[in-house]
Engineer: 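Below are the structure tokens for one structure; questions will follow.
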Amino acid sequence: MKTYNTQNVRNVVLLGSSKSGKTTLAETMMYEGKVIERRGSVEAKNTISDNTEIEQIYQRSIYSTLLYTEFLNTKFNIIDTPGSDDFVGGVFSAFSVAEIGIMLVNATQGVEVGTEIFARYALSHKKPLIIGVNQLDHEKQDWHATIDSLRQAFGNKIVQVQFPVNPGPSFDTFIDVLKMKMYHFTDENGTREEHPIPEEYMEEAKELQQQLIEMAAENDETLMETFFDKGSLTEDEIRAGMNIGMKKGDILPIFCLSAKKDIGVKRIMEFTINAAPSPGQVENELVDSTMVKVDPNGPTAIFIYKTAQEQHIGDVSYFKVMSGKLTEGMDLVNPQTGAKERIAAIYAAAGKKREKVSEIMAGDIACTVKLKSVKTGQTLCAPNCEYVFKPTQFPAPKFRTAIKAKEEKDDEKLGEILNKAAAEDPTIIVEYSKELKQTILSGQGEHQINILKWVINNENKMEVELFAPKIPYRETITKAARADYRHKKQSGGAGQFGEVHLIVEPYVEGAPQNNKFKVDGSEYTLNIKGKEEYDLEWGGKLEYYNCIVGGAIDARFMPAILKGIMEKMTEGPLTGSYARDIRVYVYDGKMHPVDSNELAFKLAARNAFKEAFKKAGPKIMEPIYNIEILVPSDCMGDVMSDLQNRRAMIEGMSSDKGFEVLKARVPLAELYKYSTTLSSLTSGRATFTMSFADYQQVPAEVQEKLLKAYEAEEKDE
């Protein structure tokens with residue numbers, strides 16, 4: 001393959017709902033560029049893109065795949081992405097390296113859930129979109145209904161560049177109002193004839209062309225003046241205006257397609273070359289917010305946007321050259337870690353089919369293997385360059401589950417498998433919780449996690465279980481209380497003796513420290529000799545006061561007393577959860593000249609703290625999450641009703657581009673499998689985000705259930 005200059009590269013991400021035909025379009029684009037000699041099909045399970053066993057079983061894309069084709073002296077880098085929001089990580093990583101998206105809409109379905117969701121993502125990433133109405137050869141296609149649904153979803157942004165002459169099983173002709181020509185296809189291999197527009201279609205063609213001209217002119221003052229002067233624009237001027245409008249997200253051009261029959265594919269590629277931005281027309285953001293142009297004459301820098309694991313090969317790193325020129329054998333540095341990497345080989349990738357190249361220019365996308373220490377989202381650059389490009393910002397997880405191997409001996413191996421999965425797909429987050437004593441797996445949805453489970457079961461030959469994760473509750477107190485405890489043990493020789501008297505009270509930010517207490521009808525005045533303050537790693541505070549007078553407890557035992565208290569705070573008295581926001585005043589105790597030791601005082605303090613805690617109006621706090629739901633208005637009632645059943649507190653409602661935005665605070669305990677329920681309630685049309693808000697006291701009836709459950713658990717043990 002020859003080396004392509006920056007202006008002769010187009011980086012395209014294929015978007016759309018499942019079954020919209022993205023993988024089929026990618027096959028046809030590669031066929032048109034002679035990268036493949038024959039086209040595979042999803043049904044025959046022989047496409048270049050969906051090449052894993054699980055994708056072939058489901059007959060849909062689950063992983064994003066880098067492909068390429070060569071067409072009209074242009075290299076197209078094509079990223080075929082999944083059509084399910086559960087696998088949106090592939091879409092977000094593609095947005096970090098592609099300049100334009102081609103959104104496919106199934107002509108039998110019109111605008112679907114994925115169409116709206118992925119269009120929102122593209123808009124938020126400022127990526128221009130071309131819309132291809134695909135499967136116009138299907139017997140159940142409905143061109144007019146599809147256009148209506150597009151107009152309803154995107155308003156006056158849509159503009160028809162083409163319209164079909166004979167949609168349906170015999171579809172082979174469409175009219176292009178930018179070219180003002182009729183295209184007729186004579187076979188299913190893209191062979192086409194150009195004809196003048198027949199008289200019967202001329203009026204519709206002129207009307208649509210006028211709309212195209214007006215929308216193009218609206219985006220540039222010079223073009224607007226030309227339009228007013230001449231009453232029209234040339235084809236090149238229309239394209240220039242569309243380019244500006246597409247970049248601003250104000251124009252969504254619509255094309256006719258049958259990717260399966262290779263109808264309209266060449267034309268959408270021609271338009272992408274002529275009207276879509278090249279890599280050299282965009283800037284990329286560094287971590288310090290500086291914008292850097294894609295400059296072939298700049299210092300060499302590449303951005304790793306994806307890492308994949310392949311059997312017999314290991315890590316495959318996919319990257320875009322963000323600046324300069326990359327040559328085989330070049331030594332680069334990771335500016336974040338200082339680690340050096342040698343690019344031993346560069347490959348143009350079409351799925352697992354790879355062609356070795358000696359160099360690639362700024363703006364181009366490729367892959368390499370056997371990098372030692374670089375991760376997805378990191379930058380490698382020449383030693384004289386310090387660019388660090390902003391890593392891809394992936395959406396926060398929406399689904400949370402616990403996972404464990406059925407065989408305990410497989411625990412370590414499972415950890416390795418999960419960490420590799422998270423490296424491949426950064427939307428999968430793996431965390432071992434010391435607090436919950438569980439491995440917690442988080443992701444975008446239940447389907448994503450079930451696919452991972454299938455991979456572990458079938459490809460790694462390991463049985464795993466998924467189950468509801470424990471909730472990281474917190475325990476605290478609401479009033480002052482006192483307790484003492486004597487630990488005494490005698491078993492021949494030196495024994496153990498330690499006695500601790502203490503008072504506990506709630507810690508409140510900004511509240512002054514006390515030295516006078518009235519507890520259980522008695523008054524205590526303490527002489528505070530020392531104070532230690534700890535910010536707890538799980539949130540909240542512990543304040544530890546030494547109020548010992550007269551040498552009742554030797555100073556050398558005070559750290560052991562603190563250790564005993566801290567140990568009990570890591571395993572709270574009510575449910576075994578972390579305790580927080582407590583002041584402890586150690587004011588008295590007793591020692592034995594021979595038998596007292598650190599262990600004795602640690603155990604005495606632990607038990608005294610436990611008794612005082614239980615008398616201090618203890619309460620359980622639960623994590624509350626802010627959730628923001630984007631929901632169609634006709635589903636609002638069902639979603640609201642479901643939230644009320646989850647102890648949610650509705651905080652606000654507003655509208656955004658035809659959707660209702662619902663904001664609420666919901667206990668984490670009520671959010672298990674919420675993404676699945678929301679999808680079911682709205683037929684997949686709603687989406688949501690969630691983020692931790694704070695801790696709030698659980699209702700009395702919930703606390704009672706939790707206490708009983710913990711007591712039963714302790715009895716079982």
Engineer: Do Glu99 and Lys127 sit within salt-bridge range, that is, some charged N less than 4.0 Å from a carboxylate O?
Structural biologist: no
Engineer: Within the supplied structure, the quantity of interest is the number of heavy atoms (other residues, nucleotides, ligands) at a distance under 6.0 Å from Glu194 CD; does it exceed 12?
Structural biologist: yes
Engineer: So which heavy atom on Asp80 is nearest to which on Ser49, and how close?
Structural biologist: OD2-OG, 2.6 Å
Engineer: Between Ser679 (side chain) and Thr676 (backbone), is there a donor-acceptor pair under 3.5 Å?
Structural biologist: no
Engineer: Does Glu43 have more than 12 heavy atoms from other residues, nucleotides or ligands lying within 6.0 Å of its CD?
Structural biologist: yes
Engineer: Is the number of heavy atoms from other residues, nucleotides or ligands under 6.0 Å of Glu221 CD greater than 12?
Structural biologist: no
Engineer: Between the main-chain N or O of Ile48 and the side-chain N or O of Asn51, is there a donor-acceptor pair closer than 3.5 Å?
Structural biologist: yes
Engineer: Is a side-chain N or O of Gln141 found less than 3.5 angstrom from the main chain of Trp143, in a donor-acceptor match?
Structural biologist: yes
Engineer: Please name the pair of heavy atoms, one in Ala366 and one in Ile360, separated by the smallest distance, quoted to 0.1 Å.
Structural biologist: CB-CD1, 3.7 Å
Engineer: Let's go through Tyr4 and Asn77 carefully: what are the C-alpha distance in whole Å and the side-chain angles of both, what is the deciding distance for side-chain contact (heavy atoms from CB on, under 4.5 Å) to 0.1 Å, and is it a yes or a no?
Structural biologist: CA-CA 11 Å; Tyr4 283 87; Asn77 293 306; over 6 Å; no
Engineer: Of all the heavy-atom pairs spanning Met182 and Thr173, show the shortest one and how long it is.
Structural biologist: CG-CG2, 3.4 Å
Engineer: Answer yes or no: are there more than 12 heavy-atom neighbours, outside Glu37 itself, under 6.0 Å from its atom CD?
Structural biologist: no
Engineer: Does Asp50 use its side chain to pair, donor to acceptor, with the backbone of Gln59 at less than 3.5 Å?
Structural biologist: no
Engineer: Rounded at 0.5 Å granularity, tell me how far CD1 in Ile102 sits from CG in Leu14.
Structural biologist: 6.0 Å
Engineer: Going by the side-chain hydrogen bond (donor to acceptor under 3.5 Å, both in side chains) test, name the single residue among Gln160, Gln162, Lys181 that passes it with Asp176.
Structural biologist: Gln162
Engineer: Look at the rings of Phe303 and Phe389 and say which category their plane angle falls in: under 30° parallel, 30 to 60° tilted, over 60° perpendicular.
Structural biologist: perpendicular
Engineer: Taking all non-hydrogen atoms of both residues into account, name the closest pair between Cys367 and Ala349 and its distance.
Structural biologist: SG-CB, 4.0 Å
Engineer: Tell me, with the steps shown, if Asp85 and Lys398 meet salt bridge (Lys or Arg N to Asp or Glu O under 4.0 Å).
Structural biologist: CA-CA 11 Å; Asp85 197 30; Lys398 304 170 189 171; 3.3 Å; yes
Engineer: Would you say the side-chain atoms of Thr69 pair up with the backbone N or O of Met29, donor to acceptor, closer than 3.5 Å?
Structural biologist: yes
Engineer: For Val177 and Phe163, run side-chain contact (heavy atoms from CB on, under 4.5 Å): C-alpha distance rounded to whole Å, both residues' side-chain angles, the deciding distance at 0.1 Å, then the answer.
Structural biologist: CA-CA 8 Å; Val177 302; Phe163 64 91; 4.1 Å; yes
Engineer: In terms of the angle between their ring planes, are Phe174 and Tyr183 parallel, tilted or perpendicular, with boundaries placed at 30° and 60°?
Structural biologist: tilted
Engineer: If you apply the rule salt bridge (Lys or Arg N to Asp or Glu O under 4.0 Å), what do you find for Asp250 with Lys157, and how did you get there?
Structural biologist: CA-CA 5 Å; Asp250 291 339; Lys157 290 182 179 182; 5.2 Å; no
Engineer: Search all heavy atoms of Val105 against all heavy atoms of Thr146 and return the closest pair with its distance.
Structural biologist: CG1-CG2, 3.8 Å
Engineer: Is the terminal nitrogen or CZ of Arg10 (NZ for Lys, CZ for Arg) located under 6.0 angstrom from the six-membered ring centre of Phe76 and within 45° of that ring's axis?
Structural biologist: no
Engineer: Please work out which of the three classes, parallel, tilted or perpendicular, describes the rings of His184 and His195, given edges at 30° and 60°.
Structural biologist: tilted
Engineer: I'd like to know if the side chain of Thr23 pairs up with that of Ser61 as donor and acceptor (distance under 3.5 Å, no hydrogens or angles considered).
Structural biologist: yes
Engineer: Do the side chains of Glu27 and Lys22 get close enough for a salt bridge, i.e. N-O under 4.0 angstrom?
Structural biologist: no
Engineer: Should Tyr58 and His447 be marked as a ring pair (Phe, Tyr, Trp, His ring centres under 6.0 Å) after you check the CA-CA gap, both sets of side-chain angles, and the distance that decides it?
Structural biologist: CA-CA 12 Å; Tyr58 277 90; His447 184 41; 5.5 Å; yes
Engineer: Backbone N or O of Asn8 within a donor-acceptor pair of the Asn5 side chain at under 3.5 Å?
Structural biologist: no
Engineer: Mind running side-chain contact (heavy atoms from CB on, under 4.5 Å) on Phe255 and Val265 for me, showing each step along the way?
Structural biologist: CA-CA 9 Å; Phe255 287 77; Val265 177; over 6 Å; no
Engineer: From Thr3 OG1 over to Met1 CE, what is the distance, rounded to the nearest 0.5 angstrom?
Structural biologist: 9.5 Å
Engineer: Counting only heavy atoms not in Gln152, do more than 12 sit closer than 6.0 Å to its CD atom?
Structural biologist: no
Engineer: Would you say Met653 has more than 12 foreign heavy atoms packed within less than 6.0 Å of its CE?
Structural biologist: no
Engineer: Are any side-chain N or O atoms of Thr682 and backbone N or O atoms of Ala686, one a donor and one an acceptor, separated by less than 3.5 Å?
Structural biologist: yes
Engineer: Quick one: pull up CD in Gln56 and CG in Asn46 and give me the separation to the nearest 0.5 Å.
Structural biologist: 8.5 Å
Engineer: Got a sec: does the CG of Asn156 have more than 12 other heavy atoms crowding it under 6.0 Å?
Structural biologist: no
Engineer: Is a side-chain N or O of Glu207 found less than 3.5 angstrom from the main chain of Glu204, in a donor-acceptor match?
Structural biologist: no
Engineer: For Tyr121 and Phe92, what are the C-alpha separation, side-chain angles and deciding distance, and is it a ring pair (Phe, Tyr, Trp, His ring centres under 6.0 Å)?
Structural biologist: CA-CA 8 Å; Tyr121 290 149; Phe92 276 58; 4.9 Å; yes
Engineer: Is the positively charged end of Lys261 above the ring of Phe171, judged by distance under 6.0 angstrom from the centroid and angle within 45° of the axis?
Structural biologist: no
Engineer: Rounded to the nearest 0.5 Å, how far does CD1 of Ile79 lie from OG1 of Thr65?
Structural biologist: 9.5 Å
Engineer: Does Asp172 come within less than 4.0 Å of Arg192, counting only side-chain N to carboxylate O?
Structural biologist: no
Engineer: Tell me if the NZ atom of Lys248 is crowded by more than 12 foreign heavy atoms within 6.0 Å.
Structural biologist: yes
Engineer: Between the side chains of Thr427 and Asp425, is a donor N or O closer than 3.5 angstrom to an acceptor N or O?
Structural biologist: yes
Engineer: Provide the closest heavy-atom pair for Ile268 versus Gly132 in the form atom of the first, atom of the second, distance.
Structural biologist: CD1-CA, 4.4 Å
Engineer: Report yes or no: does Asn106 contribute a side-chain atom to a donor-acceptor pair with the main-chain N or O of Ser20 at less than 3.5 Å?
Structural biologist: no
Engineer: Starting at CD1 of Ile238, measure out to CG of Leu233 and round the result to the nearest 0.5 Å.
Structural biologist: 6.0 Å
Engineer: Given side-chain contact (heavy atoms from CB on, under 4.5 Å), test Ser258 with Gln135 step by step and report yes or no.
Structural biologist: CA-CA 5 Å; Ser258 167; Gln135 299 176 34; over 6 Å; no
Engineer: Is the side chain of Asn189 donor-acceptor paired with the backbone N or O of Thr191 at a distance under 3.5 Å, no angle test?
Structural biologist: no
Engineer: Taking 4.0 angstrom as the limit, do Asp137 and Lys260 come out as a salt bridge?
Structural biologist: no
Engineer: Check this for me: does any side-chain nitrogen of one of Glu235 and Arg239 sit under 4.0 Å from a carboxylate oxygen of the other?
Structural biologist: yes
Engineer: Are Asp634 and Arg685 ion-paired here, with the side-chain N under 4.0 Å from a carboxylate O?
Structural biologist: yes
